[in-house]
Amino acid sequence: MNYESLGPAELRHADSIKWIQYPEEVIPMWIADMDFPVAEPILAALRERLTRPIGYPMLGGDPLLIRQIQEKCASQGLTDIPADGIAFLPGVVPGLYAGVNALSEPGRKVVTMVPVYHPFHLAITNLGREVVGVPLLDSGSRWEIDWDALDAACADADLLMLCHPHNPTGRVWDADELRQLRELVIRHDLSVISDELHADLRFTGQPFEAFAADERVRSRTVTVTGPCKAFNTAGMGIGALIGHDAELVKRIMTKASGLMGHPSALSITMWQAALREGGPWLAETVAYLRGNRDFMTAFLRERLPWVKFYPVEATYLAWLDLRGHAQAGDIQNFLLNEAKVALHNGPIFAPDEQKPLYQGFVRVNFALPRPLLQDALERLARALA
Ligand SMILES: Cc1ncc(COP(=O)(O)O)c(C=O)c1O
């Protein structure tokens, strides 16, 4: 695939929020979608599907897609997922909300690590729960869990929300961290929502291990996932809430029934095609993204050595610490105005009282053609010089 076939002229279309949010001269590297064409087998399946009427899909879940997801789950350690342990969603975020709504009580504590993908803390607070954000620690070589703080936070909570791989730090929790997390949720008798949407975008070379891969935490965990990050199909909207305990999945979905909506017929066709034939495209895309990550790492080391950044293990999102800069107090606006590069501002990744901790950080989406990435990095280097 030619990852450099699309330029700003093709990308700046009216229904791309990423490209039309800011003026034409800005390179957008904020919201998480990729500036690459969709895999040809997905396009072919969609074209074929459009030759037939678009009636209601199988509302209880498409049996073929359920089987494909069961197979995919098994490859990540989630063996024996029952067919009725897979519920379809119109996106992953509705699954976060449905999970919080059913697995915690109003006014009670829900724990997550911060910084974190903002709908995590928003789901908790919007639903009237108390968010307890446990800041990740900067070990000097990667972002790590503060075990003592997490243990204390969990003492009086209902639910832990895990982002694995973690957006925005790009960590993939390793075997030892997963072991400790599992022991912790058993010790505190917590339910767990594990968002594993970025699992296929890994650069570690290691197989992915789902949080619920360990039998001891199966019955207390639901996993939410979907095709939209790996296959760049966010505008189609589909996801799944997956659990070994079908009764638990049913309880979550019943509380949201009628509010949730069902995924579109086209998104079902898309996910089927992605799982059936998307492997080669995905492998190529991960290799290109790894190239971008390495290019960016080398650029930052050479041109902006004071910027703190750990090469991500997964995702196409980099978490940059720019607190050393004089404009750190308003860094997102500064870079928008001076470099004409749009980034996500660090504070959005934390609940209100913890936002000051992340002032001076930015999240950078590096899933764009490399010449454009280079242009953006040059602009950032000039503005930050
Ligand atoms: C961790 C994580 N979960 C969920 C989503 C959004 O998923 P959806 O668009 O399917 O709701 C994102 C998007 O960036 C994400 O990073």
Side-chain angles (χ1 to χ4, degrees), residues 15-18 21 28-36 38 65 69 76 86-101 110 112-124 126 133 136 143 160-173 192-202 208 210-211 222-242 252 256 259-264 266-268 270-271 274-275 289 312-319 342-346 348-350 362-368:
D15 63 7
S16 164
I17 188 173
K18 184 191 208 175
Q21 178 92 339
M29 300 169 81
W30 59 290
I31 203 167
D33 57 38
M34 302 196 265
D35 294 327
F36 307 140
V38 172
L65 184 53
I69 293 172
Q76 299 178 337
I86 298 177
F88 287 93
L89 311 164
V92 169
V93 170
L96 299 176
Y97 274 75
V100 171
N101 193 37
V110 178
T112 192
M113 276 89 98
V114 289
V116 75
Y117 176 57
H118 40 299
F120 273 56
H121 62 80
L122 291 174
I124 300 167
N126 288 344
L136 291 169
W143 290 94
L160 174 69
M161 293 178 79
L162 197 61
C163 196
H164 173 49
H166 188 86
N167 171 2
T169 64
R171 281 298 319 280
V172 181
W173 307 117
V192 180
I193 302 171
S194 186
D195 180 333
E196 304 187 357
L197 181 57
H198 291 266
D200 282 336
L201 295 173
R202 291 184 328 283
F208 180 73
F211 176 77
V222 288
T223 305
V224 287
T225 190
C228 78
K229 294 300 139 180
F231 292 98
N232 201 26
T233 55
M236 294 208 78
I238 189 168
L241 187 138
I242 300 168
I252 294 170
L259 292 171
M260 184 69 90
H262 58 80
S264 70
L266 289 179
S267 67
I268 293 168
M270 174 271 291
W271 201 354
L275 289 172
L289 290 172
V312 298
E313 298 161 342
T315 81
Y316 46 76
L317 308 165
W319 183 240
L343 307 172
H344 251 330
N345 202 20
I348 74 166
F349 297 97
V362 288
R363 192 191 76 174
V364 183
N365 174 347
F366 60 79
L368 71 175

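As the structure lists them, so they are numbered: ligands from 1, and atoms in each ligand from 1.
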- request: Could you tell me which non-hydrogen atom of I238 sits nearest to which non-hydrogen atom of F88, and how far apart they are?
  value: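 Smallest interatomic distance, heavy atoms only, reads CD1-CD2, 4.4 Å.
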
- request: Using a 4.5 Å cut-off on heavy atoms from C-beta on, say whether the side chain of H198 contacts that of L317.
  value: yes

task: Before giving the answer on side-chain contact (heavy atoms from CB on, under 4.5 Å), spell out for S267 and T233 the whole-Å C-alpha distance, their side-chain angles and the decisive distance to 0.1 Å.
output: CA-CA 9 Å; S267 67; T233 55; over 6 Å; no

- prompt: salt bridge (charged side-chain N to carboxylate O under 4.0 Å, His left out) with R171: which residues, sequence neighbours excluded?
  reply: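 Applying salt bridge (charged side-chain N to carboxylate O under 4.0 Å, His left out) to R171 gives E177, E313.
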
task: Mind checking the CZ-CG spacing from R363 to N167? Nearest 0.5 Å is all I need.
output: 5.0 Å

Under a 3.5 Å threshold, I'd like every N/O contact between ligand 1 and protein atoms, with atom names and distance.
residue	atom	partner	partner atom	Å
ligand 1	3 (N)	D195	OD2	2.5
ligand 1	10 (O)	V92	N	2.8
ligand 1	11 (O)	V92	N	3.1
ligand 1	11 (O)	V93	N	3.0
ligand 1	14 (O)	K229	NZ	2.8
ligand 1	16 (O)	N167	ND2	2.8
ligand 1	16 (O)	H198	NE2	2.7

field: Passing candidate, ring-ring contact (aromatic ring centres under 6.0 Å, His included) with H164, options F211, F120, Y117, F208
entry: F208

